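Because the structure is a prediction, the values reported are computed rather than measured.
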Amino acid sequence: VRLVESGGGLVQPGGSLRLSCAASGGGTLYSIGWFRQAPGKERENEGVACIRISHGTTYYADSVQGRFTISRDNAKNTVYLQMNNLKPEDTAVYYCAIDSYGSGYRCYEANGMDAWGKGTLVTVSS
């Protein structure tokens, strides 16, 4: 499976962005999630948002709850991350990732993901 993220950019605090993750190559999707890596830091092991596809359930990290929304468009094989009320601490490279093997990990756990995109940079600054 190939994942391609898009939609990153520079936005002022309080602004919004919508990230997209287009999947190609087929296969089974058990979970899909968004993870991020802030400048100078390692990628976080827990995602900011994810969908457990078999259950249709979603998860959000406390830091983004109420501001970010993850959604899917099955017809387009695309997952979105709508980010509102962005804060400087949201600045990071955002990656989408999938679990296509049914790893058994929770959808927000990076260890359970077996395919990753290359990321898209989000910069929140005035």
Side-chain angles (χ1 to χ4, degrees):
V1 178
R2 181 169 177 257
L3 304 173
V4 179
E5 303 96 333
S6 61
L10 173 64
V11 63
Q12 292 186 344
S16 298
L17 282 175
R18 188 177 79 157
L19 306 184
S20 300
C21 174
S24 61
T28 301
L29 298 182
Y30 290 85
S31 299
I32 187 162
W34 288 94
F35 297 76
R36 65 186 181 184
Q37 182 174 10
K41 296 185 178 181
E42 294 186 355
R43 189 181 62 204
E44 297 174 1
N45 288 325
E46 292 193 2
V48 296
C50 64
I51 297 174
R52 189 176 177 189
I53 293 172
S54 59
H55 291 68
T57 54
T58 57
Y59 160 87
Y60 296 95
D62 289 343
S63 59
V64 307
Q65 180 74 45
R67 300 188 297 122
F68 290 12
T69 303
I70 188 171
S71 62
R72 293 174 65 205
D73 184 330
N74 293 336
K76 297 181 179 180
N77 289 327
T78 300
V79 173
Y80 302 99
L81 185 67
Q82 177 67 43
M83 305 186 296
N84 298 328
N85 190 22
L86 282 161
K87 304 176 180 180
E89 52 264 41
D90 294 318
T91 295
V93 176
Y94 284 73
Y95 300 89
C96 70
I98 63 168
D99 172 5
S100 63
Y101 289 101
S103 67
Y105 283 87
R106 294 180 176 86
C107 69
Y108 54 84
E109 295 179 302
N111 286 341
M113 300 302 180
D114 55 83
W116 293 80
K118 294 184 177 181
T120 185
L121 176 63
V122 172
T123 302
V124 185
S125 175
S126 55

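At distances below 3.5 Å, at least one donor-acceptor pair connects side-chain atoms of E5 with backbone N or O atoms of C96. In terms of modelled atom types and a separation under 3.5 Å, the side chain of T78 and the main chain of K76 share a donor-acceptor contact.
At a threshold of 4.5 Å between side-chain heavy atoms, the hydrophobic network of Ile, Leu, Val, Met, Phe, Trp and Tyr places V1 and I32 in one connected group. Hydrophobic clustering (side-chain heavy atoms under 4.5 Å, transitive across Ile, Leu, Val, Met, Phe, Trp, Tyr) groups V64 together with Y94. Each of V79 and Y30 belongs to its own hydrophobic cluster when Ile, Leu, Val, Met, Phe, Trp and Tyr are linked at side-chain heavy-atom distances under 4.5 angstrom.
Applying the 6.0 Å contact sphere to CG of N74 captures more than 12 heavy atoms from other residues, nucleotides or ligands. Counted within 6.0 Å of CD on E42, heavy atoms from surrounding residues, nucleotides or ligands total 12 or fewer; the atom is thus considered open. R106 CZ: 12 or fewer foreign heavy atoms inside a 6.0 Å radius.
Note: I98 CD1 to L29 CG = 5.0 Å, rounded to the nearest 0.5 Å. The distance from the CG atom of N77 to the OG atom of S24 is 8.5 Å, given to the nearest 0.5 Å. The CG atom of L81 lies 9.5 Å from the OG atom of S20; values are rounded to the nearest 0.5 Å. In this structure, CD on Q37 lies 4.5 Å from OH on Y95, to the nearest 0.5 angstrom. Rounded to the nearest 0.5 angstrom, W34 CH2 and C21 SG are separated by 5.0 Å. Interatomic distance, OH of Y60 versus CD1 of I70, reported as 6.5 Å (0.5 Å rounding).
Between L19 and M83 the shortest side-chain heavy-atom distance falls below 4.5 Å. D114 places none of its side-chain heavy atoms less than 4.5 Å from the side chain of S103. Between R72 and I53 the shortest side-chain heavy-atom distance falls below 4.5 Å.
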Exercise for review: Evaluate the criterion side chain to side chain contact (heavy atoms under 4.5 Å, CB included) for residue pair F35 and V93; output intermediate values, then yes/no.
Suggested key: CA-CA 8 Å; F35 297 76; V93 176; over 6 Å; no

Item to complete: Output, in order, the C-alpha distance, side-chain angles, deciding distance and verdict of side chain to side chain contact (heavy atoms under 4.5 Å, CB included) for E109 and Y59.
Response: CA-CA 11 Å; E109 295 179 302; Y59 160 87; over 6 Å; no

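Closest approach of V124 to T91, counting heavy atoms only: N-OG1, 2.9 Å. Counting all heavy atoms, side chain and backbone alike, R36 lies closest to S63 at NH2-OG, 3.5 Å. Nearest heavy-atom pair, S126 versus P13, reported as atom, atom and distance to 0.1 Å: N-CD, 3.7 Å. Shortest non-hydrogen contact noted between R67 and D90 is NH1-OD2, 2.7 Å. Nearest heavy-atom pair across M113 and C107 is CE-O, 2.9 Å.
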